[in-house]
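If you're wondering where the values come from, they're calculated on a predicted model, not measured in any experiment. Atom set for the values below is all heavy atoms of this structure, side chains included, hydrogens, waters and symmetry mates excluded.
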Amino acid sequence: MRVRLACKLRDTTGSSIILALAFFIICAVVGAIVLTAASVNTKATITYEETQQAEYTVTSAADFLGGCLSGAGVVWKYPEGSEAPDFSDRMSYADEDGLMTELWDKYGSKIWDSYKKNSGFSIDDTFTISVDGFDTVYARISFDADLNVVARLSLASEADAVGNYDELVNVQATPHFDNAGKLIAVDWNGYTVVKAASASDPASVSSRGGATS
């Protein structure tokens with residue numbers, strides 16, 4: 001009886017199968033963890049690259065638009081008996097890129113009316129900046145009460161949409177008056193680019209540095 005019991009205690013039949021199964025389970029778990037980590041890292045890398053690309057696209061568009069608007073100037077002529085300049089006289093503008101000329105030619109009367117009321121004017125139209133291989137950037141341009149230009153750039157096409165990468169371009173205006181106090185000329189020189197902090201408050205920005213020209 002004791003001999004049989006001792007034999008049974010020493011019997012290891014089937015232990016190799018159990019060890020192999022345990023080893024297989026461990027390998028499967030480790031493999032799953034490695035694959036999950038690799039997948040997470042890949043997604044994180046893709047997300048980071050997309051973020052960098054989006055920020056670069058908007059920033060480049062902002063610098064381009066700032067360069068187009070900065071350096072422009074105008075010396076207006078007033079038609080006889082008129083309280084407003086002739087905005088359509090293209091010879092009045094010194095504007096290498098032509099954008100400021102186009103803005104005043106098309107929206108000058110509305111901008112002027114707002115200026116005389118000491119208020120700003122936001123252009124309803126949305127402008128686009130596009131380059132092959134990059135997402136289209138949408139620009140909403142406005143003039144404040146001092147004729148400074150503020151442009152909000154976004155990857156979102158909807159006028160009221162808020163984008164994570166929105167930036168503001170601010171172009172400083174320098175007005176010139178005659179002896180009677182009449183505005184006769186404006187120069188737009190220098191621009192800054194800042195990251196937009198709020199869609200509802202264009203003046204609320206968090207500075208990331210900027211470009212000046």
Side-chain angles (χ1 to χ4, degrees), residues 58-129 137-154 159-160 166-213:
V58 177
T59 299
S60 297
D63 284 332
F64 171 76
L65 182 61
C68 289
L69 295 171
S70 180
V74 60
V75 178
W76 281 312
K77 298 178 182 178
Y78 286 74
E80 186 174 353
S82 175
E83 294 295 324
D86 180 7
F87 303 113
S88 63
D89 182 6
R90 291 178 173 265
M91 297 300 294
S92 300
Y93 299 87
D95 183 13
E96 181 177 351
D97 293 289
L99 179 56
M100 190 69 76
T101 302
E102 294 294 335
L103 293 176
W104 279 95
D105 184 26
K106 187 173 183 179
Y107 309 101
S109 295
K110 294 180 179 180
I111 299 172
W112 184 262
D113 289 343
S114 296
Y115 166 74
K116 297 300 288 185
K117 296 174 183 178
N118 197 32
S119 63
F121 174 75
S122 297
I123 297 174
D124 292 332
D125 296 330
T126 299
F127 302 86
T128 59
I129 303 172
V137 178
Y138 301 88
R140 290 96 184 175
I141 299 176
S142 61
F143 288 77
D144 67 12
D146 297 316
L147 299 181
N148 300 310
V149 181
V150 180
R152 187 184 188 97
L153 286 87
S154 177
D160 297 328
D166 290 8
E167 296 193 354
L168 297 180
V169 177
N170 299 277
V171 185
Q172 183 71 38
T174 303
H176 303 276
F177 303 87
D178 63 11
N179 293 333
K182 179 184 291 186
L183 178 63
I184 58 174
V186 182
D187 293 317
W188 290 272
N189 288 309
Y191 71 93
T192 59
V193 179
V194 292
K195 186 171 181 59
S198 170
S200 59
D201 181 11
S204 176
V205 298
S206 56
S207 177
R208 66 154 182 80
T212 58
S213 173

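Asn148 contributes a side-chain N or O that, together with a main-chain N or O of Ala173, makes up a donor-acceptor pair within less than 3.5 Å. No donor-acceptor distance shorter than 3.5 angstrom exists from the side chain of Thr126 to the backbone of Arg140, with no hydrogens or angles considered.
Across Asp89, Asp86, Leu183, a single residue satisfies side-chain contact (heavy atoms from CB on, under 4.5 Å) together with Trp76, and that is Leu183. Exactly one of Tyr93, Phe143, Trp112, Tyr115 qualifies for a ring-ring contact (aromatic ring centres under 6.0 Å, His included) with Trp104. That residue is Phe143.
Contact between Ala84 and Pro79 at its shortest, heavy atoms only, is O-CD, 3.5 Å. Here the closest non-hydrogen pair linking Gly67 and Asp97 is O-OD2, 3.8 Å. Asp63 and Tyr191 get closest at one heavy-atom pair: O-OH, 3.4 Å.
To the nearest 0.5 Å, the span separating CG on Asp187 from OG1 on Thr174 amounts to 6.0 Å. Glu83 CD to Tyr78 OH: the interatomic distance, rounded to the nearest 0.5 Å, is 8.5 Å. Rounding to the nearest 0.5 Å gives a distance of 10.5 Å between CG of Leu65 and OG of Ser70. The structure places CD of Glu96 at 11.5 Å from OG1 of Thr101, a figure rounded to the nearest 0.5 Å. A distance of 5.0 Å separates CG of Leu103 from CD1 of Ile141, quoted to the nearest 0.5 Å. Rounding to the nearest 0.5 Å places CG of Asp146 at 7.5 Å from CG of Asn118.
The closest side-chain heavy-atom distance from Val193 to Leu153 is not below 4.5 Å. Taking 4.5 Å as the limit, some side-chain heavy atom of Val171 sits within range of a side-chain heavy atom of Trp188. Counting heavy atoms from C-beta on, the side chains of Ser92 and Val75 never come closer than 4.5 Å. Side-chain contact check for Val149 versus Met100: some heavy-atom pair is nearer than 4.5 Å.
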| task | Dump the intermediate steps for side chain to side chain contact (heavy atoms under 4.5 Å, CB included) on Lys106 and Asp125, then the final yes or no. | result | CA-CA 11 Å; Lys106 187 173 183 179; Asp125 296 330; 3.4 Å; yes
| task | For the pair Phe64 and Ile129, evaluate side chain to side chain contact (heavy atoms under 4.5 Å, CB included) and give the outcome as yes or no after the intermediate values. | result | CA-CA 9 Å; Phe64 171 76; Ile129 303 172; 4.1 Å; yes
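The aromatic rings of Tyr107 and Phe121 are tilted relative to each other, their planes meeting at an angle between 30° and 60°.
Side chains of Asp166 and Ser154: a donor on one and an acceptor on the other come within 3.5 Å.
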